[in-house]
Amino acid sequence: MAFRPLGDRVLVRRVEEEEKTRGGIIIPDTAKEKPQEGEVIAVGPGARDETGKIQPLDVKVGDRILFGKWSGTEVKLNGEDLLIMKESDILGVLESDAAAKAA
């Protein structure tokens, strides 16, 4: 099943956190917090401004993003847990070190 978000909504897959700490302690599933980092799977066309023109989103498919702890709505598509959120719920885009150095 294909899913296309509407307006300024974004479909996000959470990035799983490490199961061990830096010191080697294994974290049980019950103690883990839900990650606040994800990968953009699909984006809507954008929101309309006062004149009716569509303003494209700043994020694109494949971007790694940070979002708030309680952001978005959890959905299950094709057996996978995903989040649908508005672009305004996204705190920022994570850039790789190579891209950051090039800029």
Side-chain angles (χ1 to χ4, degrees):
M1 167 184 355
F3 179 81
R4 182 177 51 93
L6 300 176
D8 65 341
R9 289 184 175 76
V10 178
L11 184 65
V12 176
R13 176 185 300 127
R14 286 186 195 266
V15 175
E16 294 300 320
E17 286 191 9
E18 295 291 325
E19 297 191 10
K20 284 186 181 180
T21 64
R22 289 184 189 181
I25 299 172
I26 297 175
I27 303 169
D29 288 339
T30 55
K32 285 185 189 175
E33 288 191 21
K34 290 186 178 181
Q36 296 173 355
E37 183 179 332
E39 179 184 358
V40 176
I41 304 301
V43 297
R48 294 193 183 272
D49 62 10
E50 299 84 30
T51 62
K53 291 183 181 177
I54 292 181
Q55 297 296 317
L57 302 180
D58 289 332
V59 295
K60 59 187 179 304
V61 174
D63 281 349
R64 288 180 68 97
I65 60 167
L66 290 177
F67 50 86
K69 192 175 218 173
W70 308 109
S71 298
T73 302
E74 293 183 358
V75 295
K76 192 168 213 148
L77 292 173
N78 298 332
E80 185 177 14
D81 290 327
L82 302 170
L83 286 169
I84 298 174
M85 64 181 68
K86 289 189 166 243
E87 184 186 33
S88 59
D89 290 339
I90 297 173
L91 303 175
V93 177
L94 295 170
E95 296 179 357
S96 65
D97 290 337
K101 288 179 183 175

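Because only heavy atoms are used, hydrogens play no part in the values below, and waters and symmetry mates are left out as well, while side chains stay in.
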| field | From Ile41 atom CD1 to Leu77 atom CG, the distance as rounded to the nearest 0.5 Å | value |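 If I round to the nearest 0.5 Å, the distance is 10.5 Å.
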
| Pairs involving residues 81-92, ordered by first then second residue, that meet salt bridge (charged side-chain N to carboxylate O under 4.0 Å, His left out) (sequence neighbours left out) |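 Checked against salt bridge (charged side-chain N to carboxylate O under 4.0 Å, His left out) - neighbours excluded - the pairs reaching residues 81-92 are Asp8-Lys86, Lys76-Asp81.
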
Residues 42-54 side chain polar contacts: donor-acceptor under 3.5 Å, at least two apart:
residue : atom : partner : partner atom : Å
Arg48   : NH1  : Gly52   : O            : 2.8
Asp49   : OD1  : Thr51   : N            : 3.1
Asp49   : OD1  : Thr51   : OG1          : 2.8
Asp49   : OD1  : Gly52   : N            : 3.1
Asp49   : OD1  : Lys53   : N            : 2.9
Asp49   : OD2  : Thr51   : OG1          : 3.4
Asp49   : OD2  : Gln55   : NE2          : 3.0

| request: Could you list the residues that satisfy side-chain contact (heavy atoms from CB on, under 4.5 Å) with Leu94, not counting sequence neighbours? | output: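 By the side-chain contact (heavy atoms from CB on, under 4.5 Å) rule, Leu94 matches Glu37, Arg64, Leu66.
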
| Below 4.5 Å, heavy atoms only, C-beta onward: do Val75 and Phe3 meet side chain to side chain? |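 No, their side chains stay 4.5 Å or more apart.
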
| request: Only counting residues at least two apart or in another chain, list the ones meeting side-chain contact (heavy atoms from CB on, under 4.5 Å) with Glu80. | output: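 Counting only residues at least two positions away or on another chain, Glu80 forms a side-chain contact (heavy atoms from CB on, under 4.5 Å) with Arg13, Leu82.
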
| task | Of all the heavy-atom pairs spanning Val15 and Glu39, show the shortest one and how long it is. | result |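 The answer is CG2-N, 4.1 Å.
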
| field | Residues that Val93 engages under side-chain contact (heavy atoms from CB on, under 4.5 Å), provided they are two or more places apart | value |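 Scan of Val93 (side-chain contact (heavy atoms from CB on, under 4.5 Å), adjacent residues dropped) gives Val59, Asp63, Ile65.
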
| message | Looking at every non-hydrogen atom in both residues, tell me the closest pair between Met85 and Gly72 and how far apart they are. | response |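 Heavy atoms of Met85 and Gly72 come nearest at CB-CA, 3.7 Å.
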
